[in-house]
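Worksheet: the structure to be examined is printed underneath.
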There are 2 protein chains.
Amino acid sequence: MATIYEVSERAGVSLATVSRVINKTVPVRESTRIKVEAAMRELGYRPNSVAQSLASNRSNSIGIVVSELGGPFYGELLSRIENEFRAVGKHVIIAAGHSNAELERDSIEFLQSRNCDALILHVESVDDKYLEDLAATGLPFVLINRMVPSIAEHCITLDNEQGGFLATEHLLQLGHRDIAYISGPLWKHDAEERYTGHQSALASYGIEEDKTLFYEGDFQETGGEQGLAHLLAQGKKFTALVCANDEMAAGAITAAHEADLAIPEQLAVIGFDNINFSHYTYPKLTTIDYPVAEIGEMAARWVLKRVYQRPIDDLEVLFAPQLIVRDST
Amino acid sequence: MATIYEVSERAGVSLATVSRVINKTVPVRESTRIKVEAAMRELGYRPNSVAQSLASNRSNSIGIVVSELGGPFYGELLSRIENEFRAVGKHVIIAAGHSNAELERDSIEFLQSRNCDALILHVESVDDKYLEDLAATGLPFVLINRMVPSIAEHCITLDNEQGGFLATEHLLQLGHRDIAYISGPLWKHDAEERYTGHQSALASYGIEEDKTLFYEGDFQETGGEQGLAHLLAQGKKFTALVCANDEMAAGAITAAHEADLAIPEQLAVIGFDNINFSHYTYPKLTTIDYPVAEIGEMAARWVLKRVYQRPIDDLEVLFAPQLIVRDST
DNA sequence: GCTATAAATGAAAGCGCTTACATCATAGGC
DNA sequence: GCCTATGATGTAAGCGCTTTCATTTATAGC
């Protein structure tokens with residue numbers, strides 16, 4: 001690959017001038033710009049971004065840490081973020097944290113050493129302290145789906161509690177009173193918040209929560225199956241089920257089919273997230289919409305504004321969930 | 001962040017020695033190694049990988065181009081590849097090609113300028129010539145799900161034709177004779193190959209293909225819905241439907257529900273890919289398994305062997321699809 | 001036509017690291 | 001104890017670019 005030096009020689013100008021036409025930082029005379037551009041084209045030159053990054057201490061790349069690369073949720077998030085940045089010539093480096101504190105730390109440090117200009121983090125396991133320290137280093141980053149009050153300006157979140165509230169409220173409005181709940185792992189912030197929302201919806205109807213109708217799952221499909229099986233095995237009556245995400249709801253629906261429970265007649269089921277295939281289930285799943293795409297977009301715009309000084313005015317930081325009624329309730 | 005220079009000063013050795021303990025290229029005396037490691041720890045030093053990359057012309061990062069970041073298919077692929085590399089301290093940089101030749105070229109060039117040690121490509125739109133030229137540059141890369149004979153040693157593929165054959169053969173064995181087909185965009189290699197497989201299955205049963213039972217979709221869910229609607233509107237009789245991927249099959253199932261067609265009694269449906277939620281459909285979808293995870297793993301191992309000289313013996317390059325029978329046929 | 005000023009360009013240092021090559025220390029053979 | 005072979009360490013030259021500062025060239029004012 002040709003270097004900037006060869007280009008400058010061919011165009012009969014200095015390195016510095018070539019660099020200027022590449023970066024458009026300082027005006028260059030029209031005629032020399034044309035010469036340089038011609039030389040670049042003839043040599044098929046492309047700047048070596050590693051060298052650029054080293055010299056300028058700016059990499060034009062944004063690091064992203066998510067729990068998993070697979071799955072509908074992260075896929076859409078990543079996709080949206082990549083799109084936003086690509087449109088302005090920035091690029092993303094992605095690492096998976098696998099909901100494990102050590103891996104999350106590892107990923108973050110790797111991205112740092114990679115000279116990322118900013119980070120977008122969806123991390124669940126590192127503690128608040130770590131994130132506070134990270135903020136103190138001056139590295140710009142935005143935190144998705146997690147609120148750490150001391151660094152609130154870094155956080156973009158969904159109101160999970162309200163989402164949990166909406167889900168249960170919907171069932172209550174339909175007349176259900178015996179409502180089971182399959183939660184995500186409660187050490188995860190969002191799982192806990194959703195559950196809190198569920199509880200306060202019950203409270204607002206003056207219903208006392210029956211702890212035996214609670215099951216702590218793993219946010220996976222199998223967790224939903226096991227959860228419903230467990231709840232049914234207890235022999236307690238319930239007519240509706242809230243699942244803290246759609247995957248578990250899909251699992252629960254499978255288990256319900258197996259138990260010959262008609263949905264929604266004998267058991268109403270509601271999910272959470274509105275992942276892109278939540279309507280593949282039968283019956284189509286009622287759920288709470290998690291505006292992943294918007295949140296991804298907002299995270300990208302946060303970075304564009306704060307790090308690259310793009311003129312962006314509205315940065316939303318707390319998103320509202322929304323009830324999507326389909327056929328399962 | 002501390003630099004290697006500060007470490008060397010603190011440890012009372014030269015830059016070069018520090019570099020040696022980092023890279024373990026040349027033996028260093030035990031006692032000095034310990035001094036250096038202590039200094040690194042005390043300073044919280046982490047090598048700047050951008051500088052490493054520039055100096056060594058080696059980045060320890062692998063570029064990946066896929067069509068989309070979202071979606072179950074690519075998610076799993078990426079996830080597996082990332083896993084493999086992370087385990088050996090390499091990292092991935094991901095770009096989306098969006099099935100568009102210009103974006104695909106763009107992404108590849110970006111990854112090149114990023115000093116990637118190797119590329120893993122799932123590209124559909126650039127032509128064979130471009131890939132041949134790319135191979136000629138000496139940049140190591142592996143091509144997933146596409147066979148370009150002149151650079152066969154770069155290709156890892158699924159036998160799509162056989163998959164298409166298996167799908168249709170399955171329906172034929174069940175006694176179906178009037179079999180409709182919803183294809184992917186035929187300019188895509190895999191779509192074309194799957195269709196060819198379908199045709200040869202028909203031929204092997206001595207059945208002449210009825211072109212009116214063919215619909216060219218877009219590999220998306222809506223394409224499946226529209227496809228089935230179109231086929232039904234024609235008024236021609238058919239008892240089975242092959243869809244060239246699961247998304248379209250899910251769409252077709254939705255359309256079938258709407259048309260009050262019982263599956264599989266009135267219409268048998270088979271998909272292709274076995275994406276992770278193909279069993280969410282109702283009834284659960286019979287499909288052809290695309291071993292994404294294995295292929296991703298193999299691509300990673302190709303790179304480890306060829307680029308990083310890891311001792312890996314078995315590199316499989318042609319994968320066999322497999323019929324997964326569920327409830328929709 | 002000459003100077004004062006602004007605009008365009010060039011020279012060169014340095015970003016943090018790797019890596020030939022040179023140098024130094026140590027140990028073994030006599 | 002001296003010489004050589006070998007291993008450990010240091011020196012310094014880049015990797016391809018950006019950026020400061022100095023220099024040159026063009027523009028304008030008189």
Side-chain angles (χ1 to χ4, degrees), chain A residues 1-37 39-40 43-61 89 91 109-117 308, chain B residues 1-37 39-40 43-61 89 91 109-117 308:
Chain A
M1 184 68 97
T3 71
I4 198 174
Y5 181 75
E6 297 168 47
V7 174
S8 77
E9 201 167 53
R10 179 162 198 133
V13 299
S14 74
L15 289 198
T17 302
V18 177
S19 171
R20 285 175 190 120
V21 349
I22 294 173
N23 297 299
K24 309 181 181 43
T25 44
V26 161
V28 169
R29 197 190 309 159
E30 178 82 5
S31 63
T32 76
R33 207 200 66 223
I34 291 176
K35 271 192 307 190
V36 171
E37 282 170 351
M40 297 202 297
L43 291 168
Y45 170 79
R46 282 189 66 107
N48 177 325
S49 55
V50 172
Q52 286 182 314
S53 173
L54 181 61
S56 65
N57 202 28
R58 178 53 91 66
S59 64
N60 282 320
S61 64
H91 293 89
E109 284 173 19
F110 163 69
L111 293 170
Q112 266 183 289
S113 77
R114 225 53 233 185
N115 259 22
C116 287
D117 297 336
Y308 298 114
Chain B
M1 185 67 98
T3 70
I4 197 174
Y5 181 76
E6 298 168 46
V7 174
S8 76
E9 202 166 52
R10 180 162 199 133
V13 299
S14 74
L15 289 198
T17 303
V18 178
S19 173
R20 285 175 191 120
V21 348
I22 295 173
N23 297 299
K24 310 181 180 43
T25 44
V26 160
V28 169
R29 197 191 309 160
E30 177 83 3
S31 63
T32 78
R33 206 200 67 223
I34 291 178
K35 271 192 307 189
V36 171
E37 281 170 351
M40 296 203 295
L43 291 168
Y45 170 78
R46 283 189 65 106
N48 177 325
S49 56
V50 172
Q52 286 182 313
S53 173
L54 182 61
S56 65
N57 201 30
R58 180 51 93 66
S59 64
N60 282 321
S61 65
H91 292 89
E109 285 175 16
F110 162 69
L111 294 171
Q112 267 183 288
S113 77
R114 211 78 222 181
N115 258 23
C116 288
D117 296 337
Y308 298 115

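Fair warning: this is a prediction, and the values are worked out from it, not measured in the lab. The sequence lines fix the lettering, A, B, ..., with proteins before strands; numbering per chain opens at 1.
- In the set D:dT18, D:dG10, C:dG10, the nucleotide with an atom closest to the side chain of A:Gln52 is D:dT18.
- To the nearest 0.5 Å, atoms CD (B:Gln52) and CG (B:Asn57) are separated by 13.0 Å.
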*Given the rule in the salt bridge (Lys or Arg N to Asp or Glu O under 4.0 Å) test, do B:Arg33 and B:Glu37 qualify, once you have shown the distances and angles that lead to the verdict?*
CA-CA 6 Å; B:Arg33 206 200 67 223; B:Glu37 281 170 351; 3.3 Å; yes
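- Within the structure, every side-chain polar atom (N or O) of B:Ser19 is placed at least 4.0 Å from both OP1 and OP2 of C:dC17.
- Atom CE in B:Met40 sits about 17 Å away from atom P in C:dG16, given to the nearest Å.
- Taking the nucleotide of DNA chain C with the nearest heavy atom to each of B:Val50 and A:Gly12, the more 5' of the two is matched to A:Gly12.
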*With side-chain contact (heavy atoms from CB on, under 4.5 Å) as the test, would you mind laying out the steps for B:Asn60 and B:Tyr308 before giving the verdict?*
CA-CA 9 Å; B:Asn60 282 321; B:Tyr308 298 115; 4.0 Å; yes
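- For the pair A:Arg20 and A:Ile4, both in contact range of DNA chain D, the more 5′-proximal nearest nucleotide belongs to A:Ile4.
- With C:dG10, D:dG16, C:dC17 as the choices, the nucleotide that has an atom nearest any side-chain atom of B:Asn48 turns out to be C:dC17.
- B:Glu6 has its CD atom 11 Å from the C1' atom of C:dG16, to the nearest Å.
- Between A:Thr32 and C:dT9 there is a side-chain polar atom (N or O) within less than 4.0 angstrom of OP1 or OP2.
- Considering only side-chain N and O atoms, B:Tyr45 lies under 4.0 angstrom from the phosphate OP1 or OP2 of C:dC17.
- Heavy-atom nearest nucleotides on DNA chain C were determined for A:Val28 and for B:Leu54, and the one closer to the 5' end corresponds to A:Val28.
- Checking the phosphate oxygens (OP1, OP2) of C:dT9, no side-chain nitrogen or oxygen of A:Ser14 falls inside 4.0 Å.
- Rounded to an integer number of Å, the gap from OH of A:Tyr5 to P of D:dT18 is 17 Å.
- Taking atom CG of residue B:Asn60 and atom C1' of nucleotide C:dC17, one finds them 13 Å apart after rounding to whole Å.
- Within 4.0 Å of B:Arg58, counting heavy atoms only, lies no atom of the nucleic acid at all.
- Put simply, A:Asn23 has a side-chain N or O that comes within less than 4.0 Å of OP1 or OP2 on D:dT18.
- The distance from atom NZ of A:Lys35 to atom CZ of A:Arg29, rounded to the nearest 0.5 Å, is 8.0 Å.
- As rounded to whole Å, 12 Å separates atom P of D:dT19 from atom CD1 of A:Ile22.
- For A:Pro27, the listed nucleotide lying nearest its side chain is C:dA8; candidates were C:dT9, C:dA8, C:dG16.
- Taking every heavy atom of both residues into account, B:Ser59 and B:Cys116 meet most closely at OG-CA, 3.6 Å.
- Distances from the side chain of B:Thr3 to the nucleotides C:dA8, C:dC17, D:dT20 place C:dC17 closest.
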*Might you work through the side-chain contact (heavy atoms from CB on, under 4.5 Å) test for B:Asn48 and A:Asn115, ending with a clear yes or no?*
CA-CA 8 Å; B:Asn48 177 325; A:Asn115 259 22; 3.8 Å; yes
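- Spacing between atom CZ of A:Arg33 and atom P of C:dA7 amounts to 18 Å, rounded to whole angstrom units.
- The side chain of A:Asn57 contributes no N or O atom lying less than 4.0 Å from OP1 or OP2 of D:dT18.
- Heavy atoms of A:Val13 sit under 4.0 angstrom from primed sugar atoms or phosphate atoms, though from no base atom.
- Atom P of nucleotide D:dA8 and atom NZ of B:Lys24 are separated by 16 Å, given to the nearest angstrom.
- Considering only the side chain of B:Arg29, D:dT9 comes nearest among C:dG16, D:dT9, C:dG10.
- If you take CG of B:Leu15 and C1' of D:dA13, they are 12 Å apart, rounded to a whole angstrom.
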